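Numbering starts at 1 and runs along the sequence shown. Only a predicted model underlies this, so the values are computations on that prediction, with no experimental measurement involved.
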Amino acid sequence: LCYARDENGQPEMQMTLVPFAIIFFVIYGIGYPLYVFLLLTNKANRALAMEDQLVRAQQLPNTREDNPNCYEFRKRYAKLYYQFKPDFYYWGLVTLARKFAFAVCELMLRSNAAFQLCSVQLIMFAAYVAQVRCHPYMSTSEFPGVCQHFETEIAKMESEKKRKQDALVMLGSASSRRGTIR
């Protein structure tokens, strides 16, 4: 930081903004990645993200009827995982880690440009290898393959959906019978 002072001995504008910079660094630089990490690694949210991606792979409409378990979760958090296959719902965290590593290299290795460039190239190579090895992104052409790979999970989802619909129908018929008896 530059500790410049004006002609009256008062700190310049840059120094008065340091507390705000620290606050926003903590919120955006640490808080957001931590929030995403905690959100996506929670066991219940992990299951919801995977189930929602399977619904998306089946190309069902985004309605409560077609996605009863995950509709609200999709509305809130889909931007964090919608691009990825169900197994790689967490890949947004890998992207955040890559961006953080770039920022660290840029800020901490300023004194030696050659080492800085080598470090950035190493990060890019590691990210490339991880992406080629894992194939985390799910394009529309991969939807049938994803559905085929997760057949048992899709069958469980369908049976759960049918069970809930049957329970709602029975509940509705029971309440209508009660109303006619009185």
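- Linking ILVMFWY side-chain heavy atoms closer than 4.5 Å, directly or via other members, places Tyr71 and Leu54 in two distinct hydrophobic clusters.
- Of the inter-residue distances, the one linking Arg56 atom CZ with Gln83 atom CD reads 8.5 Å to the nearest 0.5 angstrom.
- Note on Tyr28: it does not cluster hydrophobically with Leu80, by side-chain heavy-atom contacts below 4.5 Å among ILVMFWY residues.
- Each of Arg64, Glu51, Glu160, Arg74 was evaluated against Asn69; a single residue qualifies, Glu51, per the side chain to side chain donor-acceptor pair (under 3.5 Å) test.
- When the side chains of ILVMFWY residues are joined at heavy-atom separations under 4.5 Å, either directly or via intervening members, Ile30 and Leu107 end up in two distinct hydrophobic clusters.
- In the hydrophobic clustering (ILVMFWY side chains linked at under 4.5 Å, chained through shared members), Met124 is joined by Phe102, Val120, Ile123.
- One distance of note links CG of Leu93 with CZ of Arg98; it measures 12.5 Å at 0.5 Å rounding.
- In the hydrophobic clustering of ILVMFWY residues, with side-chain heavy atoms under 4.5 Å counting as a link, Tyr32 and Leu34 come out together.
- The shortest side-chain heavy-atom distance between Phe150 and Asp87 falls under the 4.5 Å cut-off.
- Salt bridge Lys75/Glu72: absent, no basic N to carboxylate O contact under 4.0 Å.
- Side chains of Lys85 and Gln53 form no contact here, defined as non-hydrogen atoms less than 4.5 Å apart.
- A ring-ring contact (aromatic ring centres under 6.0 Å, His included) with Tyr81 is found for exactly one of Tyr137, Trp91, Phe73, namely Phe73.
- Under the 3.5 Å distance criterion, the side-chain polar atoms of Glu142 are matched with a main-chain donor or acceptor of Ser139.
- Contact record, Gly29 with Pro33: O-CG, 3.5 Å, taken as the closest heavy-atom pair.
- Rounding to the nearest 0.5 angstrom, the gap separating the CG atom in Asn67 from the CG atom in Asp52 is 5.0 Å.
- A distance of 10.0 Å separates CZ of Arg76 from CG of Asn45, quoted to the nearest 0.5 Å.
- Arg46 and Tyr89 form a side-chain donor-acceptor contact under 3.5 Å, judged by distance and modelled atom types alone.
- One hydrophobic cluster, built from ILVMFWY side chains closer than 4.5 Å, cannot hold both Tyr82 and Val36; they sit in different ones.
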Exercise for the section: Give the C-alpha distance, both sets of side-chain angles, the deciding distance and a yes or no for side-chain contact (heavy atoms from CB on, under 4.5 Å) between Gln58 and Phe143. Expected result: CA-CA 7 Å; Gln58 295 174 59; Phe143 284 173; over 6 Å; no
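- Listed by first then second residue, pairs satisfying side chain to side chain donor-acceptor pair (under 3.5 Å) with a partner in residues 101-130 number zero, not counting sequence neighbours.
- Pro86 and Met138 get closest at one heavy-atom pair: CD-SD, 4.2 Å.
- Note that OH of Tyr90 and CG of Leu40 are 11.5 Å apart. Values are rounded to the nearest 0.5 Å.
- Looking at Cys147 and Ile154, their side chains come closer than 4.5 Å, going by heavy atoms from C-beta outward.
- One distance of note links CZ of Phe24 with CG of Leu17; it measures 10.5 Å at 0.5 Å rounding.
- Other residues, nucleotides and ligands contribute at most 12 non-hydrogen atoms within 6.0 Å of the CZ atom of Phe37.
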